[in-house]
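Numbers here are sequence positions counted from 1.
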Amino acid sequence: MPKYESYEAWFDEFQALAEAEDLAWLVSTTGKGHRQAFEQGDSPTEELMSLADMAEWRGCGCGGGS
C-alpha cells in the first residue's frame, strides 16, 4: 500500500516541507507540475531536493573572472 492515499495528500506534505525549508518559491502555483514525481513514486522530500538542486546558482558559465 502506498504511503500517500492521494496526490493531494502527497502535495500537502510537499508544500509544507517546502515552506518549512524556505523553498516555497519552488512549488508550482497550480500543483500540477509535481504530479509526475508523485506518479514515479518520488517522496515529497526527493522532489523538493531535486528542484532545489536544479535551482542552485552555479555561476553564469561564462568562464570569466580570471
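- Residues Trp25 and Ala55 come closest through the heavy atom pair CH2-CB, 3.5 Å.
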Output side-chain donor-acceptor pairs under 3.5 Å for residues 8-22, partner residues at least two apart or in another chain, one line each.
residue, atom, partner, partner atom, Å
Trp10, NE1, Asp42, O, 2.9
Glu13, OE1, Tyr4, OH, 3.3
Glu13, OE2, Tyr4, OH, 3.2

Let me have the donor-acceptor pairs involving side chains of residues 26-36, under 3.5 Å, with sequence neighbours excluded, atom names and distances please.
residue, atom, partner, partner atom, Å
Ser28, OG, Thr30, N, 3.4
Ser28, OG, Thr30, OG1, 3.3
Ser28, OG, Gly31, N, 3.3
Thr30, OG1, Lys32, N, 3.2
His34, ND1, Glu47, OE2, 2.9
His34, NE2, Ser28, N, 2.8
Gln36, NE2, Gln40, OE1, 3.4

